[in-house]
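Read through the structure below, which is laid out as structure tokens, and then see the notes.
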Amino acid sequence: MVRRKPGTLLPLEVAILDAATTAARDGEPEFHGFAIAQRMQARDGARRLTAHGTLYKALARMEADGLLESRWEDADVAVAEGRPRRRLYRVTPLGATARTRALAQSGPTAATPRPGLVT
Amino acid sequence: MGADGAGFARWWAARYTRGLPDEVGARRRAEIECDVFEHCQATNGRSAAVAWRTVRGVHADLAWRREERRLMQGSHRTPTRLRTTWSVVTQNWFAPLAVLVAIFDVLLAIGIATEKDGKLPGQAIGPVVLIALAALLVAGLWLRWRAGEARAQRTGSVAAAVPTRWIAGLVAVLVVSLALLVVGVSTGSLVFFFVAVSVLKVVVLVLATVGITRAVRSADPGARVTLANGMIIAGVLPALLFFWMIVPALIALAVIVGVLTTNPRVRPAV
């Protein structure tokens, strides 16, 4: 199992924060699991979506660390669109700072797509 | 619409969330349900893709389950007042000693400021530095307390604050330094005093610098513990520098040992 050093982010966590930041710039400050998996797939040029277990474990860990915050979508919205309710995540100021720091530490290549950043 | 793959994902989510707290399991199952639905919509129901995505995450699901089970078992053990009190006492035993050192810093500052034969600028700068270090020490104690509380609520982690080999090495250095101080006192040798105090100062300064640097550079809220430790250690420096008073220096050493060998993260959330 991948372990991170205190105060550092795993590549998947950086990818999530980066994709979420890009989504926010595109006018979507909140995201749900599948949407962020799609964005990361496009960002990294990966063939596959991040696995369920890997993705939701990372989201839970990041929320516990204060990098993300989340809420349930309004049930009426989901019912109106005929789909299950989404858990909506948002990058916190701490998450934004951590992303900036991680990208600065790893250099400009960290912001570029990296194939294979799944599972 | 990918019934087999989606069904497998739902079945697996129901399996690995079984026995977890209701809200934890329900949230994960609801998120998987939503994800699978969106995935099927996006791929026109490619069943194999959903199933394969589930399979690839099995190890992470099981690791997450183990972590949740550990937290659940930990939370069942925490609520008693006796357990909470015991954790506070064992992990913060040095706090009263640290307060004594803070008082020592303040008294020393007053003594220097009111000294009749004192010379400027030392008589002005000295008390300011001492008061600042006393404030740093008290702030460090408060920060450590708050960081421990947040950490316990979050993970219930019982990991050591620093690696064991670091603690062992540091304790060895402190013991040797203390022995040199004792020899210096008993023989009146300035060489022993000089070596012991120099070693102590270097060790303490290095540790404080490393702790503050790590905390400042870290995105982990738990790093506040390290920052707090650095602040406390910096606050006891004056007592170490006045080693010939013996008692303050010994108390300061005890505080440093206490800071580095205890972990506020084991304090149960109240």
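The chains referred to below are lettered A, B, ... by the order of the sequence lines, with proteins before strands, and numbering in each begins at 1. Side chains included, hydrogens not; waters and symmetry mates left out as well; all remaining heavy atoms used.
- Salt-bridge check for A:R61 with A:E13: passed, with a basic side-chain N closer than 4.0 Å to an acidic carboxylate O.
- Counted within 6.0 Å of CG on A:D26, heavy atoms from surrounding residues, nucleotides or ligands total more than 12; the atom is thus considered enclosed.
- Using a 4.5 Å heavy-atom cutoff, the side chains of A:V91 and A:L67 are not in contact.
- The part of A:S70 that comes within reach of chain B is its side chain, from C-beta onward, which places non-hydrogen atoms under 4.5 angstrom from that chain.
- Counting only distance, with no hydrogens or angles, the side chain of A:R90 and the backbone of A:E30 share no donor-acceptor pair below 3.5 Å.
- For B:W12, no part lies near chain A; criterion is any non-hydrogen pair under 4.5 Å.
- A:A37 touches chain B through its side chain: at least one heavy atom from C-beta onward sits under 4.5 Å away, while N, CA, C and O do not.
- With a 4.5 angstrom heavy-atom cutoff, B:A9 touches chain A only via side-chain atoms.
- Heavy-atom distances place both the backbone and the side chain of B:R27 under 4.5 Å from chain A.
- Remark: A:Y89 engages A:F31 in a ring-ring contact (aromatic ring centres under 6.0 Å, His included) (not counting sequence neighbours).
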